[in-house]
Amino acid sequence: MRRHSGRADVTWEVDFLDRSKFGADVAVRLTGLLQEYGAKEYIGSHVPWIAEALAGPELADLVAEVTYKGIYVNVRLVDHWFLAGVQSVIDLAERFGQNDTRCGRAQIVDYSSPNVAKVLHAGHFRSTMIGHVLGNLYEACGAIVYRVNHINDFGGFGFILEGFRRFGPYFPGSLGDNGLLLEIYAIRRTMERAVAAGESLAAVDEGEREILARYFPGASTADELRAAYEKFVGAADERFQKLEEGDADEVALWRRMVEWSLADFQSFYQALDIDIDFVIGESFYLDAGNFVVDEAIGNGIAFELTKQQVCEEVAELDRAVAAEEITAQVRDKSVALLEKDIGAIVVPLPDGERFVVRRSDGRSIYATRDIGAIKLRREIFDPTDITYVVGQEQRVHFTRLFQAARVLGLATATMPTFKHIYFGFYVDADTGRKLSSRESVAGVTELLAAAVRHFRARSAEGGAMTEQELDEAAQQLAVGSVVFNDLKRDMKGSVSIARGDLAPIITDFEKSGGPYVVYSACRARAILRKYGKPVPHLSEIGPFELSDQEALLISRILEFPDKVIKAADEDNPSILVRHLLDIAGVYNSYYASAPVLERGTANKSRLMITRAAQLVLTNGLSLCHVECPPKI
RNA sequence: GCCCCCGUAGCUCAGCCGGAUAGAGCAAGCGACUUCUAAUCGCUAGGCCGCAGGUUCGAGUCCUGCCGGGGGCGCCA
């Protein structure tokens with residue numbers, strides 16, 4: 001193109017087409033020339049020579065026919081090119097889709113991140129699936145991936161330690177170990193709501209009243225409740241301080257409690273068959289965080305926000321109000337935020353905001369530990385990229401954390417890269433409103449179990465399979481369903497989910513496409529199994545002609561590696577998932593119309609295409625953390 | 001108040017760095033199983049791409065404003 005145009009700066013784009021629709025396989029556009037000259041002149045002066053160049057002898061073994069219409073120069077490729085592509089897919093086999101675009105990169109992916117003493121809710125589920133698949137994608141692109149499960153085993157623990165002792169006599173006997181922890185959390189939340197509700201207590205529902213009555217038998221009025229709550233908070237703060245200082249009793253109890261929760265989480269990870277390399281509690285990073293903060297105070301980067309500094313900023317705000325740059329309302333809000341931070345250790349950020357890294361009472365907060373985590377992770381893993389897969393509600397926290405890391409010298413302007421991959425939450429299918437963690441809780445494990453039972457029952461209709469095969473197939477279909485349900489749409493949007501009855505959810509899962517892709521891969525494999533021999537090599541194939549459908553299917557298959565790269569580059573698994581659904585659709589259609597094994601003879605080129613389709617679907621599913629069961 | 005996300009078929013969503021007649025799936029209707037397993041396939045129907053301007057040869061896509069929906073803004077995590 002450059003030679004024909006006589007210019008070195010021409011750029012072009014190539015789009016795959018549907019042969020049955022356009023009679024060609026790819027469209028070529030020289031975008032630079034198009035923009036430079038406009039459509040009219042481009043069509044008149046350039047399109048003809050572009051078509052002529054493409055039809056020239058140099059490309060004769062690739063190009064079968066060139067046509068043009070409007071700004072598009074359409075090229076029909078020779079059938080041999082497609083089948084050669086199929087052969088290369090077969091040669092690469094399990095490696096098809098892998099690439100080296102991220103060679104030399106070491107990426108930390110921080111995902112799942114459950115809270116000890118709280119219930120795993122749907123947000124953790126999304127984080128787990130998205131993070132895991134992103135890790136797979138980065139690996140497929142050649143990166144070394146360190147998967148880290150950052151367990152919140154510290155924040156808010158004062159309440160748990162105190163509650164465990166304070167409410168001991170009132171716990172119902174039926175609660176298990178982890179159940180106790182959840183109960184304490186529920187008590188705390190209930191108290192917060194009750195106190196926030198004030199005198200009326202109108203916002204407190206019946207279940208919450210029951211909790212209040214059980215655990216605070218002496219407090220019946222709003223004032224008494226408030227007093228009881230304040231005593232609870234005070235005692236909890238003391239507990240936390242002792243824990244941080246390493247008090248033997250508190251540490252021992254804390255350790256036991258963490259174990260209870262981890263054991264509970266394990267059933268969730270087992271159900272999803274997820275194994276995260278590094279399970280590290282945030283407590284691990286406490287000392288490193290304090291070290292960084294102390295050092296930063298020492299060299300003046302971080303400092304205690306004093307009353308005087310706040311006064312100066314307030315004065316500036318007052319000036320702005322006087323100059324009518326801001327309203328008094330904005331000023332009051334800002335002042336309130338400023339005053340709240342007096343006494344805390346803060347890191348000033350380039351955008352003028354502050355990042356609080358230590359409370360005024362000297363205790364750590366999660367920011368302290370997150371900073372420590374960055375320091376230790378850099379020392380241990382020397383990562384080029386750190387990616388956090390955490391819900392969108394923490395966007396502000398992470399943008400500040402990343403800025404603070406650079407200000408504190410824990411990272412340079414470009415190394416490592418920090419990314420917060422966020423996602424939407426689950427919403428009520430009827431109301432469109434966000435489900436609270438308490439509502440979405442219920443069910444992650446139960447939902448998956450119900451999905452397994454559903455697919456188990458359907459499989460059983462099929463016939464000759466052993467019990468174990470049935471279990472495995474159902475497990476994979478269930479996992480595939482939930483993964484696809486979560487990952488086929490853009491992550492930033494919310495996922496609506498029906499409440500109560502699980503049946504509609506399961507039905508949605510089945511329709512969501514996971515089983516469709518699994519089943520497609522299984523059909524392809526069934527053909528190959530029946531054939532029973534290695535598929536023929538390209539060199540054994542005589543003269544052949546591809547159908548439009550075959551050309552389309554093959555071009556979709558050959559696009560797969562690019563989709564893997566794109567999904568990794570955009571940190572967006574849905575790009576991969578949708579492409580798999582697309583391939584599965586084209587393949588199923590092909591499967592229905594083009595028999596491979598017929599009247600005892602095998603169609604060689606179709607066998608090759610079937611093998612390539614099976615490989616691309618299996619490899620793609622594997623990236624999505626779904627394995628194809630041997631039988632279905 | 002500030003910030004973020006969303007608005008495309010009855011429903012759930014795709015739609016690339018702006019490019020051919022805006023696509024799938026579900027739901028609805030019709031048709032196809034002694035077959036490489038029908039968890040499938042084929043066909044039909046269904047659209048002021050929220051509204052109004054602007055940029056452009058060309059806008060669902062980019063810009064501005066408006067309307068509507070959801071969310072986030074702790075010395076919690």
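Scope of the values below: all heavy atoms of this structure, side chains included, with no hydrogens, waters or symmetry mates. Chain naming here is simple, since letters A, B, ... match the order of the sequence lines and numbering starts at 1 in each.
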What form does the base of B:C13 take, syn (within 90° of 0) or anti?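 It is anti.
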Phosphate-side-chain proximity, [X] and [N], N/O vs OP1/OP2 below 4.0 Å:
X        : N     : value
A:Arg489 : B:C13 : yes
A:Ser589 : B:G42 : yes
A:Tyr519 : B:A39 : yes
A:Arg525 : B:U37 : no
A:Arg523 : B:A38 : yes
A:Arg578 : B:G25 : no
A:Arg359 : B:C76 : yes
A:Tyr516 : B:C41 : yes

Go ahead and name the base partner of [N]; Watson-Crick or wobble counts if both distances stay under 3.5 Å, otherwise write none.
N     : answer
B:G58 : none
B:C43 : B:G29
B:A20 : none
B:C36 : none
B:G1  : B:C73
B:C51 : B:G65
B:A14 : none

Output the single nucleotide from [options] whose closest atom is nearest the side chain of [X].
X        : options             : result
A:Gln392 : B:G71, B:A77, B:C75 : B:G71
A:Leu17  : B:C75, B:G72, B:A20 : B:A20
A:Val596 : B:C36, B:C76, B:G72 : B:C36
A:Asn115 : B:C75, B:A77, B:C36 : B:A77
A:Ser360 : B:A39, B:C41, B:C75 : B:C75
A:Tyr591 : B:C41, B:C5, B:A38  : B:A38
A:Glu13  : B:G42, B:A39, B:C17 : B:C17
A:Ile365 : B:C75, B:G72, B:C41 : B:C75

Rounded to whole angstrom, note down the [atom1] distance from [N] over to [M].
N     : M     : atom1 : value
B:C5  : B:C63 : P     : 11 Å
B:U64 : B:G18 : P     : 15 Å
B:G25 : B:U40 : P     : 11 Å
B:G54 : B:A9  : C1'   : 29 Å
B:U61 : B:A22 : C1'   : 11 Å
B:C13 : B:G74 : P     : 29 Å
B:C73 : B:G58 : P     : 45 Å
B:G46 : B:G10 : C1'   : 9 Å

Under 3.5 Å, is there a donor-acceptor pair between the side chain of [X] and the main chain of [Y]?
X        : Y        : result
A:Arg606 : A:Ala602 : no
A:Gln241 : A:Arg363 : no
A:Ser261 : A:Ala117 : yes

Partners meeting side chain to side chain donor-acceptor pair (under 3.5 Å) with A:Ser481 (sequence neighbours left out):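 Partners of A:Ser481 under the side chain to side chain donor-acceptor pair (under 3.5 Å) test: none.
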Whole-Å distance between [N] [atom2] and [X] [atom1]?
X        : N     : atom1 : atom2 : answer
A:Asp341 : B:C75 : CG    : P     : 5 Å
A:Leu34  : B:C17 : CG    : P     : 17 Å
A:Lys530 : B:U35 : NZ    : P     : 9 Å
A:Leu581 : B:U40 : CG    : P     : 12 Å
A:Tyr42  : B:C57 : OH    : C1'   : 14 Å
A:Arg395 : B:C5  : CZ    : C1'   : 8 Å
A:Asp582 : B:C16 : CG    : C1'   : 14 Å

Reported CD1-to-OG distance for the pair A:Ile345 and A:Ser360, which is rounded to 0.5 angstrom: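 If I round to the nearest 0.5 Å, the distance is 9.0 Å.
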May I ask you to say what [X] touches in the nucleic acid, namely base, sugar-phosphate or nothing, with a heavy-atom cut-off under 4.0 Å?
X        : result
A:Asp490 : sugar-phosphate
A:Pro595 : base
A:Ala39  : base
A:Lys488 : nothing
A:Asp237 : nothing
A:Gln394 : base
A:Ala27  : base
A:Lys340 : base
A:Leu477 : base

Do you know which of A:Arg358, A:Lys307, A:Arg354 makes salt bridge (charged side-chain N to carboxylate O under 4.0 Å, His left out) with A:Asp341?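 Passing option: A:Arg354.
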Derivation of the side-chain hydrogen bond (donor to acceptor under 3.5 Å, both in side chains) call for A:Arg369 and A:Tyr285: CA-CA 5 Å; A:Arg369 279 134 14 210; A:Tyr285 305 108; over 6 Å; no
Taking the six-membered ring for Trp, are A:Tyr229 and A:Phe232 parallel (under 30°), tilted (30 to 60°) or perpendicular (over 60°)?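 Perpendicular: the ring planes of A:Tyr229 and A:Phe232 meet at over 60°.
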CA sep, side-chain torsions, deciding dist, call: A:Phe402, A:Tyr388, ring pair (Phe, Tyr, Trp, His ring centres under 6.0 Å): CA-CA 11 Å; A:Phe402 300 161; A:Tyr388 297 81; 5.6 Å; yes
Taking the nucleotide of RNA chain B with the nearest heavy atom to each, does A:Asn152 or A:Tyr422 sit closer to the 5' end?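 Looking at RNA chain B, the more 5' nearest nucleotide goes with A:Tyr422.
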Is any side-chain N of the basic residue among A:Asp15 and A:Arg29 closer than 4.0 Å to the acidic one's carboxylate O?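 Between A:Arg29 and A:Asp15 there is a salt bridge, with a charged N closer than 4.0 Å to a carboxylate O.
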